[in-house]
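First up is the structure itself, then whatever we jot down about it.
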Amino acid sequence: MPELPEVEAVCRRLRDEGLDERIRGVRIFRCATDAVAALTPGRRIERVERRGKHILVHLSGSVMLHVHLRMSGNFFRIPDHRLFSTYARTILELRGGAGLVLEDPRALARMHAGPSAEIEAAIAGVGVEPLSRLFTQAWLQAEARRSRLPMKLFLMDQSRLAGLGNIYTAEALYRARIDPKRQANVVSAAKLGLLHGTIVEILNDAVQSAVAAYSGPGQFREAESFSLAVYDREGEPCTRCRRIIRRIQQGGRSTYYCPGCQR
DNA sequence: TCGATCCTGTAG
DNA sequence: CTACAGGATCGA
């Protein structure tokens, strides 16, 4: 599921469906620390915040629930906490028999709880929000100037810019016509300026799409989902230049790009 | 900075 | 069967 847009969708839904709810009980099967069971029961959900791909649920009494969905996690409300699916890993019981469930087939997701200060400290290293005012062309250019990482890895480093993952990084570099293998410090300021715009544009579009898709079977329209131009298109012709999309490995992950127009 | 690791599911 | 999966961390 989740890069920034999908995590944002989860947070918005949580705000709609979980705010002011009190956590009555906790059932941990996997993925959560004992602290969740020890600290969260009896507390009320006061605020839901996203930092990059991290979900912070502010609870009463200065305690926070910290959730990371990793590769395949999801976190949402269910009407009956006794009717959980196979992949339910941890359940927070709410009033009226409802529940919040952390679902994850791969069980890579993580949930932890602690005093707010402790949780804050734990995620202090998370970088700049790409949809905030801190993320400017000048900032991106300055950061790039002092990094020799290939652009793909440069953008995916969560301690610098927080929230881009494998898919949207590929899409942003494609739109900005930047070779993912190119070292950050040798990419032109002009290209970086363009990249800045494409990142913001792609994330905004993807948030819209994720929110629409995630609000379930829409009563009105089927949300048109974000369409991917390069990701998972190895062997297909580029729609811009007809060259064949390639897949390479970077940092142990697949990178998709067009060797024709990304340089 | 690479590779292995955490896990399970699915596609080929 | 193998390869790979929208993530992150750890040790070599």
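Worth saying up front: this structure is predicted, and the values here are computed from it rather than measured. Side chains are part of it too, since the values below use all heavy atoms of this structure and drop only hydrogens, waters and symmetry mates. A note on names: the letters A, B, ... follow the listed sequences, proteins ahead of strands, and every chain is numbered from 1.
Closest to the side chain of A:Tyr87, out of C:dA5, B:dG9, B:dT1, is B:dG9. Which of C:dC4, B:dG9, C:dA8 sits closest to the side chain of A:Gln158 comes down to C:dA8. Proximity note for A:Arg106 (side chain, C-beta onward) versus C:dG7, B:dC7, B:dT1: the nearest is B:dC7.
Taking every heavy atom of residues 110-121 of chain A and every atom of DNA chain B, no pair lies under 4.0 Å.
As a whole-Å value, the separation of A:Ile248 CD1 from C:dC4 P is 14 Å.
Residue-level contact check: A:Arg247 touches the backbone only, with heavy atoms under 4.0 Å from sugar-phosphate atoms and none from bases. At the heavy-atom level, A:Gly165 lies under 4.0 Å from the strands shown only through sugar-phosphate atoms. Residue A:Phe154 is out of contact with every strand shown, counting any heavy-atom pair closer than 4.0 Å.
Side-chain nitrogen and oxygen atoms of A:His68 include none within less than 4.0 Å of the OP1 or OP2 phosphate oxygen of C:dG7. Contact between the side-chain N/O atoms of A:Tyr256 and the OP1/OP2 oxygens of C:dC4 is not found at any separation under 4.0 Å. The phosphate of C:dA5 (OP1 or OP2) has a side-chain N or O of A:Ser254 nearer than 4.0 angstrom.
Summarising the base pairing, B:dC7 is matched to no nucleotide, lacking a Watson-Crick or G-U wobble pair whose two defining distances lie under 3.5 Å.
Taking the six-membered ring where tryptophan is involved, the planes of A:Phe84 and A:Phe29 are tilted, since the angle between them lies from 30° to 60°.
With P as the reference atom, B:dG9 and C:dA8 are 22 Å apart, rounded to whole Å. Here, C:dA3 and B:dA4 have their P atoms 12 Å apart, quoted to the whole Å.
Both A:Arg70 and A:Leu149 lie near DNA chain B, and the one whose nearest nucleotide falls closer to the 5' end is A:Leu149.
Aromatic pair A:Phe226/A:Tyr168: ring centres closer than 6.0 Å.
Between A:Cys261 and A:Arg177, the shortest heavy-atom contact is O-CB, 3.2 Å.
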